[in-house]
Amino acid sequence: MRYADITGWGKALPPTVLANADLEQLVDTSDDWITARTGIKERRIADGEATEMAEVASRHALAAAGLEADQLDLVVLATCSPESLVPASASYLQARLEAVNAGAMDLNANCSGFVYSYITASALIKAGAANRILVVGVEKLSFITNYLDRNTAILFGDGAGAVILEVTEEPVGLMASELGVDGTTTELLCTPVDGTRGVPGPRDPATSSITLQGQEVFRRAVTMMSESGAAVVSDAGWTIDQVDLLVPHQANRRIIDAVVRRLGLDPSRVFANIHAYGNTSAATVPIALTEALEQGMVAPGNKLVFVAFGGGLTWAAAAVKWGSRIEPINTSDASIPKTDKSLMEVLKPNLDFFRKVDH
Ligand code: UT7
């Protein structure tokens, strides 16, 4: 039997920090409100392209797996903030990495994109279509976040996380999965027009930022993340008490806490880093997984659950039996270049663009 083991992992966060105190200067909000309602203290803002972050995360994941890029069969890049409509961002990443023997594709399931991609890549390996796949979640949400709109400015940031999947005969990796969507609810969380629905012409700032009906999305996120999480635990033949670590999408600390409560999971068995990076959409789960490994929270043979929910409205869950590797084989010194610009200089194009909207 063929299984797909996670053998490498990595992350990349841009150095520029957008703290709650900075947001207090931009919109009518407060550190106290943001902390109490979301758990977020800081997010990161990219000064470069998304695939620069993806490349750095991927180089760490490749090093951890002890692989060279030319050994990859496929690159799957999960994003809802691609660099262009044509080509897919995965092509830029393939070129940056010189993954000369790989195919490459983007997968957009918004905040659920990494879990969708992980399940897809695992299935391709199990089916014999590939032996080594790089799966990356990367977002430059600062391109589509209006940092003068307090409903969304407080939530979103940039970053990338990556894993390597390799074929193995050991019964590890993806044990059960669920993919879901309710396409009748797209208006609850969307960028109204920033694609071919628009008319040809310059981007309109009024329709080019993420809009969110927060309470309704919150409610649905709690329901679907807990229901799909419980479903994959059961489908894997596990009980909730056997789950060693839940690695959830990081959208709101209160969503994570509510999902843990509904699942009946011991609260010490969840990984959360939302305070540091906010919601980086498809990048949250691989960044969280990487940090959980760095912090020694994953042991060989552990039972993990990934759950995510996002625009679409999509959700996805995976029951994952960890293999044997918990230490990287090699390390990489790849990093995102430091910028001389201040936070406000990095944010200036965003603020200049969205200032044209009537707030
Ligand atoms: O990744 C995809 C999934 N995304 C999500 O799941 C996001 C889900 N939604 C949420 O995380 C939350 O709904 C938010 C964090 C967006 C909002 O939190 P909330 O507890 O639902 O707040 P609310 O919208 O019910 O607003 C409560 C109050 C309102 O004032 P009044 O009407 O009670 O006087 C808002 O006007 O808080 C006010 N408010 C704010 N105050 C300070 C809303 N946003 C802010 C703000 N700062 N940024």
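This is a predicted model, so every value here is computed, not measured. All ligand and atom numbering here is 1-based and tracks the order in the structure.
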Where's the contact between [X] and ligand 1, heavy-atom distance under 4.0 Å: side chain, backbone, both or neither?
| X | value |
| --- | --- |
| Asn110 | neither |
| Val27 | neither |
| Ile34 | neither |
| Trp33 | side chain |
| Ile154 | side chain |

Angle between ring planes, Phe306 versus Phe114, binned at 30° and 60°: parallel, tilted or perpendicular? tilted

Students should be able to answer this: which protein heavy-atom is nearest to [atom], and at what distance?
| atom | result |
| --- | --- |
| atom 23 (P) of ligand 1 | Gln215 NE2, 3.8 Å |
| atom 35 (C) of ligand 1 | Arg150 NH2, 3.9 Å |
| atom 7 (C) of ligand 1 | Leu212 CD2, 4.1 Å |
| atom 20 (O) of ligand 1 | Arg37 NH1, 2.7 Å |
| atom 12 (C) of ligand 1 | Asn252 ND2, 3.9 Å |
| atom 47 (N) of ligand 1 | Thr29 OG1, 2.6 Å |
| atom 6 (O) of ligand 1 | Ile255 CD1, 3.2 Å |

Between [X] and ligand 1, is there a nitrogen or oxygen pair with a distance under 3.5 Å?
| X | answer |
| --- | --- |
| Arg254 | yes |
| Ser30 | no |
| Gly214 | yes |

Return the CG to CG distance between Leu62 and Leu72, rounded to the nearest 0.5 Å. 5.0 Å

Strictly below 4.0 Å, N to O, side chains only: are [X] and [Y] in salt-bridge contact?
| X | Y | value |
| --- | --- | --- |
| Asp352 | Arg355 | yes |
| Asp204 | Lys356 | no |
| Glu291 | Lys11 | yes |
| Asp31 | Lys41 | yes |

Mind checking whether Phe218 and Ile255 have side chains closer than 4.5 Å, heavy atoms only? yes

Beyond-backbone contact of Arg2 with Glu169, side-chain heavy atoms, under 4.5 angstrom: no

What I want to check is whether the side chains of Glu83 and Ser89 have a donor and an acceptor closer together than 3.5 Å. no

Short check: is a protein heavy atom less than 4.0 Å from atom 4 (N) of ligand 1? yes

Quick check on atom 32 (O) of ligand 1 - does any protein heavy atom sit closer than 4.0 Å to it? no

Aromatic ring centroids of Phe354 and Tyr147 under 6.0 Å? no

Can you tell which of Asn279, Leu189, Thr314 gets a heavy atom nearest to atom 1 (O) of ligand 1? Asn279

